Amino acid sequence: MPSVLPFRGYLVAPERVHDVVAPAFDALTPAQRNLYAREHPNNYVNAMRSLEEFPAAERPTLDVLLEENRRNLENLLGQGAFRDTGAPCLFVYRLRMDCHEQVGLVGEVPIAEYDLDVIKKHEYTQTNREDQLARYNDVVGAASSPVCLTYAHHPGIDAVTREVTKSPPSIDFVADDGVAQSIWCIDDAGVQESLQRHFKEVGEAYLTDGHHRAAAGSRFAQARRQRNPHHTGTEPYNYLLVVLFPDDQLRILAYNRYVTDLNGFGADELLDRLSGNFEVEYLDGAADRDAAPSRPREFAMLLEGRWYRLRVDPSSIPAADPVDSLDITILHDRILGPILGIADVRCDERCESISGASGMAGLAERCRGNGGVAFACHPVTIQQLMAVADAGRVMPPKSTWFDPKVRSGLFLRLR
């Protein structure tokens, strides 16, 4: 388990939470983030703008944009939107949504432990995205979006966080999307040491959200070390801002697929091709919510306004392989690639990845009236994610959607 360390940073001022705290980044499209930033000039989104948000004709250079992000952050600090914690702290961070609750710990881990794979990964990262985020770290000099990790739940950690949350929180509000956000500052050295002792008893830590931010943090630290002749290893750039949630509290939703056309096939031809690998059942009159896959190895398909259930023969799946046995891999290897001609969901404009947060109705809305075909998958489990990372493998792109999402604009750590 990586070392979990307190840090001196900033928390959003309680009276500014609704103004400053950003919406869930991945829940908005780039165009929606652009509009939100314009309509909310004092929101933290204006300190984390990205090039993709701007129409091509209005897109600034990266250098210009990063300078604007830096100035916007300085303006927020000048307005008193964040308050210095005054001492090194760990933070208990609780998210509540409907009947779901998850309680995590925010702190720092040495970037060297990420480099040594003490923190296990399950995704590839893209170099150009790492480049932009590393430049962001260098120019803006701040972290506000904790990298999300999970670990095998530990009764000692749970007991400490339960005790901490009996006291009034420093931050407590409900965001626009209905997710309640609560934060407790832990500045007591004894409580900090108790948590650190318990974390040493935990085995591995696993990245859930934030692979690119973690990789960019590593590159940023390496560049700063090379530029600093007086480097000691204690500088803020040597650490990664993280939040750790126990594995039994995380909620993973499906990451579904919509393909805009049938790759030249008619509907009957597609159904015929699918029958070679799947048992195909027409769900006569099924409502959107009733069509959702109820178990692994089962998919829902919306074609010409009608739902079908696709089941794959379990004996044809290499159950011992942690990647090839994933439902999302089966969908890619047996339908999207060989039949619909989708080689890479990250860059093929014919294929969209749609989070399970929008539900079956959201997936159906995207497909109905637009043609094409939609597929709903059974969600990946946290145990499957850990098995992939333990094997040193990676999942297909866009495999997991963790919900609710950690927010930016709550914590601030200057680099």
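By convention here, the first residue in the shown sequence is residue 1. Quick caveat: nothing in here was measured; it's all calculated off a predicted structure.
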Could you walk me through whether His154 and Glu201 pass the side chain to side chain donor-acceptor pair (under 3.5 Å) check? CA-CA 8 Å; His154 186 288; Glu201 298 167 354; 2.7 Å; yes
Within a strict 4.5 Å, meaning less than it, do heavy atoms of the His212 and Gln126 side chains meet? yes
Answer yes when Glu281 and Arg311 have at least one side-chain N-carboxylate O distance shorter than 4.0 Å, and no when they do not. yes
Note: Arg224-Glu235 ion pair, threshold 4.0 Å (strictly below): no
Electrostatic pair Asp313:Arg297 at N-O distance under 4.0 angstrom: no
Indicate the atoms forming the closest heavy-atom contact of Gln196 with Pro6, along with that distance. NE2-CD, 3.5 Å
Under 3.5 Å: donor-acceptor pair, side chain of Glu130, backbone of Thr127: no
Test Val140 against Arg415 for side chain to side chain contact (heavy atoms under 4.5 Å, CB included), laying out the working first. CA-CA 9 Å; Val140 181; Arg415 299 301 187 195; over 6 Å; no
Verify whether one side chain among Ser218 and Asp115 offers a donor that lies under 3.5 Å from an acceptor in the other. yes
Ion pair check, Arg8 and Asp187, cut-off under 4.0 Å: no
Is the centre of the Phe375 ring less than 6.0 Å from the centre of the His332 ring? no
Side-chain H-bond candidate by donor/acceptor type, Gln102 with His100, under 3.5 Å: yes
Cation-pi between Lys121 and Tyr114: NZ/CZ under 6.0 Å from ring centre and within 45° of the ring axis? yes
Flag the pair Phe411 / Tyr93 as yes when their ring centroid distance falls below 6.0 Å, and as no otherwise. yes
Less than 6.0 angstrom from the centroid, inside 45 degrees of the normal: does Lys398 satisfy that with respect to the ring of Trp401? no
Using modelled atom types and a 3.5 Å cut-off, is there a donor and acceptor pairing between side-chain atoms of Asn43 and backbone atoms of Val21? yes
Measure the shortest side-chain to side-chain distance between Pro379 and Leu253 over non-hydrogen atoms and say whether it is less than 4.5 angstrom. no
Quick one about Arg71 and Asn75 (side-chain donor to acceptor, distance below 3.5 Å, no hydrogens or angles considered), yes or no? no
Would you say the side chain of Leu262 lies within less than 4.5 Å of the side chain of Leu303, judging by non-hydrogen atoms? yes
Residues Arg407, Asp177: salt bridge by 4.0 Å N-O rule: yes
Measure from the ring center of Tyr308 to the ring center of Tyr282 and say whether it is less than 6.0 Å. yes
For Arg94 and Thr165: C-alpha separation, side-chain torsions, deciding distance, then whether side chain to side chain donor-acceptor pair (under 3.5 Å) applies. CA-CA 9 Å; Arg94 185 181 68 197; Thr165 57; 5.1 Å; no
Just checking His18 against Phe173, ring centres under 6.0 Å apart? yes
Between Val242 and Leu244 the two heavy atoms that sit nearest each other are CG2-CD1, 3.9 Å
Looking at Glu52 and Arg33, does any basic side-chain N land under 4.0 Å from a carboxylate oxygen? yes
Under 3.5 Å, is there a donor-acceptor pair linking the side chains of Asp390 and Tyr206? yes
Report yes or no: does Ser325 contribute a side-chain atom to a donor-acceptor pair with the main-chain N or O of Asp321 at less than 3.5 Å? yes
Please check if the number of heavy atoms outside Glu365 that lie under 6.0 Å from its CD is greater than 12. no
Apply side chain to side chain donor-acceptor pair (under 3.5 Å) to Trp307 and Asp288, showing your working. CA-CA 8 Å; Trp307 283 109; Asp288 295 336; 2.8 Å; yes
Answer yes or no: is there a donor N or O on one side and an acceptor on the other, between the side chain of Gln192 and the main chain of Pro88, under 3.5 Å? yes
Is the positively charged end of Arg413 above the ring of Phe7, judged by distance under 6.0 angstrom from the centroid and angle within 45° of the axis? no
Lys405 side chain reached by Val179 side chain, heavy atoms, under 4.5 Å: no
Side chains of Leu105 and Phe245: does their closest heavy-atom pair fall under 4.5 Å? no
Please state whether the rings of Tyr151 and Phe199 are parallel, tilted or perpendicular, taking 30° and 60° as the class boundaries. perpendicular
Could you check whether any side-chain heavy atom of Leu310 comes within less than 4.5 Å of a side-chain heavy atom of Ile335, counting everything from C-beta outward? yes
Crowded around His153 NE2? As in, over 12 foreign heavy atoms under 6.0 Å? no
With a 4.5 Å heavy-atom cut-off, do Asp327 and Val380 have their side chains touching? no
Ignoring hydrogens and geometry beyond distance, is a side-chain donor-acceptor pair present between Ser50 and Glu53 at under 3.5 Å? yes
Arg366-Thr260 side chain donor-acceptor pair, cut-off 3.5 Å: no
Side-chain ion pair, Arg197 and Glu193, N-O less than 4.0 Å: no
Does any donor atom in the side chain of Ser182 or Asp172 lie under 3.5 Å from an acceptor atom in the other side chain? yes
Verdict with supporting geometry, Arg16 and Gln79, side chain to side chain donor-acceptor pair (under 3.5 Å): CA-CA 10 Å; Arg16 296 291 303 274; Gln79 295 169 12; 3.0 Å; yes
Donor-acceptor check, side chain of Asn137 to backbone of Ala134, threshold 3.5 angstrom: yes or no? no
I'd like to know if Glu304 pairs up with Arg368 as an ion pair, taking the criterion as any Lys NZ or Arg NE/NH1/NH2 lying under 4.0 Å from an Asp or Glu carboxylate oxygen. no
Is it the case that Arg213 and Ser145 place a side-chain donor and acceptor less than 3.5 Å from each other? no
